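The structure appears right after this line, and notes come after that.
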Amino acid sequence: MVRDELDLAEYEARMDRPVRIKIPELQRDDRLKHVIFSDQFTADTLEEMANIADMIRVLAKSRDGYRFLLDLLPHKRAMLYFTQPSTRTFLSFMAACQILGITCNEVRDPSTSSETKGESRFDSIRTFSSYFDVIIMRSVHSRLAECCAYLMNDLEDFNHRSVPIVNGGAGADEHPSQALLDIYTLQRTFQFESTIDSRRRLGFDALCSDTRYTGLTRGLSGKVYGFCGDIGRGRTVRSLANLLSLYPNVTMVFLAPHHPKLSLKPELRRKLVDRGVKVHEVESLEDQIDGVPAIEMLDSLYMTRIQREHDDPADAQAFAQIDFSRYCLTPQLVSRMKEYAAILHPFPRDKNFGEIPPEIDNDHRAMYFRQARNGMWIRAALLAYLFGVDRQISRYFQTEYTETHDYNEDVL
Ligand code: ASP
């Protein structure tokens with residue numbers, strides 16, 4: 001139905017292809033042009049993005065560094081076309097643009113655009129591309145960003161103006177830039193070095209001297225990642241699980257009610273298993289896996305809100321039988337988690353449902369506000385990469401910054 005409303009018919013055949021076939025079309029010379037799917041990122045690109053983000057956040061702290069960043073892209077303009085509610089993604093992209101000197105404009109309500117006069121969504125997008133140098137978009141329509149990337153590619157083929165499309169959340173499908181910031185937060189957490197991410201977190205050596213954590217390694221490989229709550233309807237879960245599956249020897253534990261709309265989708269399960277991920281599905285944080293309660297075995301726990309806005313009256317009866325309190329954390333549960341575990345949440349959290357009550361916010365494992373801030377840095381890194389100034393940042397950082405400042409990890 002959504003496809004008809006938007007008249008995506010001309011892109012149907014291209015949309016129906018496997019993602020791996022589409023990926024080369026979204027690149028130019030081995031670099032990403034459009035960012036539509038989390039599958040476009042490789043472990044190397046993720047490393048590269050994290051390094052750029054680390055440099056940007058250090059540079060942004062000094063007057064000279066900040067000025068250098070501001071002077072990188074003052075000749076570029078970004079359109080934030082967000083027709084589905086958003087706070088963090090919208091604002092952090094806007095802040096990311098501001099860090100790099102990019103000017104932004106926004107359309108958040110299509111009823112204020114010429115679409116009310118019968119203009120097609122694609123004419124609107126093409127018009128934006130005449131005024132702006134990148135279009136960052138969020139839509140309830142899961143494939144719209146993808147189709148806009150095809151539109152831009154077709155324009156390029158005819159030598160018309162064509163700009164990058166960045167998916168800021170597409171329907172129920174994907175949220176690649178959220179996955180980037182989630183990965184970035186985990187990368188930083190499992191370096192076990194950055195004191196500013198949580199001054200009360202123990203360093204690597206202290207953790208290794210604890211017999212409970214024998215064999216602990218730095219990095220994302222070999223870890224146990226938990227996802228709790230609305231797994232079936234959470235696009236952020238799907239995008240992050242995709243990226244984590246790029247790392248060797250990973251285990252994922254999905255904690256969700258046993259209901260086809262809420263639990264892990266069989267397609268995602270298959271994909272993860274095919275990539276060598278060890279997948280467990282349980283119904284509560286207390287359920288045991290190989291004799292250990294799930295909550296005690298996790299290296300990270302990605303909490304999610306129950307997405308009530310997608311409830312269907314037909315499911316009301318089945319949902320009424322579910323004990324949703326099993327998908328809420330408590331301080332007692334948190335105290336049983338590993339000392340170094342990270343609690344993440346894509347936000348917004350639901351204060352009425354209480355999947356993460358505020359009492360947990362000061363626990364050293366709570367990383368969700370750091371995670372939101374990391375979103376601004378990694379989105380700045382993504383934009384720097386898309387506009388090709390990432391190498392300039394590295395050069396400046398190496399020559400001007402590292403040599404003249406007393407640089408250490410604490411400032412990150
Ligand atoms: N902010 C996330 C998203 O856009 C998660 C959520 O809404 O619960 O998908």
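Only heavy atoms go into these numbers, but all of them, side chains included; no hydrogens, no water, no symmetry mates. Just follow the structure's listing: the first ligand is 1, and inside any ligand the first atom is 1. No experiment lies behind these values; they were computed from the predicted model shown.
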Within 4.0 Å of some non-hydrogen atom of Arg305, the atoms of ligand 1 are 6 (C), 7 (O), 8 (O)

Counting heavy atoms under 4.0 Å, the part of Gln178 that contacts ligand 1 is neither

query: Does OH belonging to Tyr131 count more than 12 external heavy atoms closer than 6.0 Å?
result: no

| request: Could you tell me whether Glu156 and Lys33 make a salt bridge, using a distance below 4.0 angstrom between a side-chain N and a carboxylate O? | output: yes

Quiz item: Any ion pair linking Arg188 and Asp54 (charged N to carboxylate O, less than 4.0 Å)?
Solution: yes

Take every heavy atom of Gln84, measure it against each atom of ligand 1, and state whether any distance is under 4.0 Å.
no

Q. Does the pair Glu355/Arg349 count as a salt bridge with the N-to-O cut at 4.0 Å?
A. no

*asked:* Please determine whether a side-chain nitrogen of the Lys or Arg among Glu119 and Arg126 lies less than 4.0 Å from a carboxylate oxygen of the Asp or Glu.
replied: no

Residue, atom and distance of the protein heavy atom nearest atom 9 (O) of ligand 1 read Arg235 NE, 2.9 Å

Purely on distance, is any nitrogen or oxygen of Pro348 under 3.5 Å from one on ligand 1? no

- Message: Measuring centre to centre across the rings, with the benzene-like ring taken for any Trp, is Phe204 within less than 6.0 Å of Tyr340?
- Response: no

- Does a sphere of radius 6.0 Å around CZ in Arg17 hold more than 12 heavy atoms from other residues, nucleotides or ligands, not counting ones at 6.0 Å or beyond? yes

Near Phe347 (heavy-atom distance under 4.0 Å), the atoms of ligand 1 are 1 (N), 2 (C), 5 (C), 6 (C)

Under 4.0 Å from one or more heavy atoms of His175, ligand 1 contributes atoms 3 (C), 4 (O), 9 (O)

The atoms of ligand 1 lying under 4.0 Å from a heavy atom of Arg138, numbered in the order shown, are 4 (O)

So for Arg88 against ligand 1, with non-hydrogen atoms under 4.0 Å, the contacting part is neither

